[in-house]
Amino acid sequence: MKILVLHGPNLNLLGRREPEIYGSLTLDEINTRLTGLGETLGAEIVCEQSNHEGALIDALHAAREWADGVVFNPGGYTHTSIALRDAVTAIGIPVVEVHLSNVEAREEFRHRSLISPVCAGKVSGFGWRSYALGLRALVDLLNEV
Ligand code: DQA
C-alpha cells in the first residue's frame with residue numbers, strides 16, 4: 001500500500017510558525033514520524049509539500065497513478081480553492097483532510113472547508129497527531145476494500 005502525505009502552503013515553516021497554534025515539531029520531524037507509523041501499518045509513505053496551488057494539483061494528479069490514498073493538509077487553500085477540491089474529486093482515490101489546529105474553534109473564515117465534502121473524512125485539532133490519526137483511518141479504510 002502506498003500513501004501520499006501532502007502538505008500545503010506555509011507548512012514548510014512548521015516548528016517556527018505560530019508554534020502555540022501549530023506545535024513545535026518541524027515538517028521533517030512530522031514526516032519522519034509518519035514514515036515510521038507507515039512501516040508499522042504496512043504502508044509506504046511519500047511526503048511532499050508545496051506553497052503553490054498548481055503544484056499541489058499536479059501532486060494529486062500524479063498520485064492517481066501510484067498511490068492508494070492521500071493524507072492532505074491543504075493549509076489556507078482549504079478555505080478558498082475550488083481547483084483543489086476538483087482535483088480531489090478527479091483522482092478517485094480516498095483523500096483524508098487533516099489540520100493541525102481545530103479550525104472550527106478559530107476565525108470564522110476557517111470554519112468552511114471547500115475540500116471536506118469530497119474527502120473520505122477529516123481530522124483536525126490534534127496537532128501532528130491529526131496526520132497520524134488520518135493515516136491510521138485511511139489505511140484501515142483501504143484494508144477493508
Ligand atoms: C491549517 C489550518 C488552516 O486554516 C491554515 O491556513 C493553515 C494550517 C492547520 O493545519 O491547522 O495553514 O491547515
Side-chain angles (χ1 to χ4, degrees), residues 1-41 43-64 66-142:
M1 186 186 297
K2 290 185 178 168
I3 305 290
L4 171 65
V5 175
L6 186 58
H7 308 275
N10 300 306
L11 295 167
N12 54 310
L13 297 180
L14 283 179
R16 288 162 288 160
R17 172 195 183 201
E18 300 176 271
E20 65 289 354
I21 295 175
Y22 298 117
S24 57
L25 290 185
T26 65
L27 191 64
D28 279 350
E29 287 167 339
I30 292 174
N31 288 341
T32 300
R33 290 183 185 201
L34 295 174
T35 303
L37 176 60
E39 270 168 36
T40 69
L41 297 173
E44 189 185 317
I45 309 298
V46 174
C47 301
E48 294 179 28
Q49 187 273 334
S50 179
N51 293 320
H52 306 279
E53 192 175 21
L56 293 167
I57 293 168
D58 288 344
L60 289 167
H61 289 184
R64 183 168 172 260
W66 64 264
D68 298 294
V70 183
V71 174
F72 186 24
N73 184 348
Y77 287 137
T78 306
H79 320 295
T80 62
S81 179
I82 294 168
L84 274 174
R85 175 196 173 113
D86 288 347
V88 168
T89 305
I91 61 174
I93 55 174
V95 176
V96 174
E97 179 182 340
V98 300
H99 299 283
L100 296 133
S101 64
N102 180 356
V103 280
E104 276 78 17
R106 300 180 62 194
E107 303 96 321
E108 186 132 12
F109 63 84
R110 295 186 204 276
H111 295 185
R112 184 180 70 150
S113 168
L114 295 183
I115 314 290
S116 304
V118 293
C119 286
K122 166 175 152 177
V123 184
S124 71
F126 296 99
W128 76 272
R129 287 182 184 79
S130 293
Y131 286 93
L133 292 164
L135 178 59
R136 282 181 189 278
L138 180 59
V139 170
D140 235 46
L141 197 72
L142 288 167

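Quantities reported herein were computed from a predicted structural model and do not represent experimental measurements. All ligand and atom numbering here is 1-based and tracks the order in the structure.
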Ile3 backbone acceptor or donor facing Asp68 side chain under 3.5 Å = no
For Val98, is at least one N or O under 3.5 Å away from an N or O on ligand 1?
-> no
Here the atoms of ligand 1 under 4.0 Å from any heavy atom belonging to Val103 are 2 (C), 4 (O)
Got a donor-acceptor contact below 3.5 angstrom from the His7 side chain to the Asn73 backbone?
-> no
What is the closest protein heavy atom to atom 11 (O) of ligand 1, and at what distance does it sit?
-> Ser101 OG, 2.6 Å
Could you check atom 9 (C) of ligand 1 against the protein and tell me its nearest heavy-atom contact, residue, atom and distance included?
-> Leu100 N, 3.4 Å
Looking only at heavy atoms, what is the nearest atom pair of Pro94 and Leu141, with distance?
-> CB-CD2, 4.2 Å
Taking non-hydrogen atoms only, is Asn10 closer than 4.0 angstrom to ligand 1 via side chain, backbone, both or neither?
-> neither
Under 3.5 Å: donor-acceptor pair, side chain of Ser130, backbone of His99 | yes
Can you find a non-hydrogen atom of Tyr22 under 4.0 Å from ligand 1?
-> yes
Minimum non-hydrogen distance to atom 5 (C) of ligand 1, winning option of Arg110, Glu107, His99, His111 | Arg110
For ligand 1, is Asn73 a contact, meaning one of its heavy atoms is under 4.0 Å away?
-> yes
Would you find more than 12 non-hydrogen atoms of other residues, nucleotides or ligands less than 6.0 Å from Arg112 atom CZ?
-> no
Looking at Arg17, which atoms of ligand 1 are within less than 4.0 Å of one of its heavy atoms?
-> 7 (C), 12 (O)
Taking only heavy atoms of His79 into account, list the atoms of ligand 1 that are under 4.0 Å away from them.
-> 3 (C), 4 (O)
Which pair of non-hydrogen atoms, one from Leu142 and one from Gly69, has the smallest distance, and what is that distance?
-> CD1-N, 4.3 Å
Between Thr78 and Glu97, a side-chain donor and acceptor under 3.5 Å = no
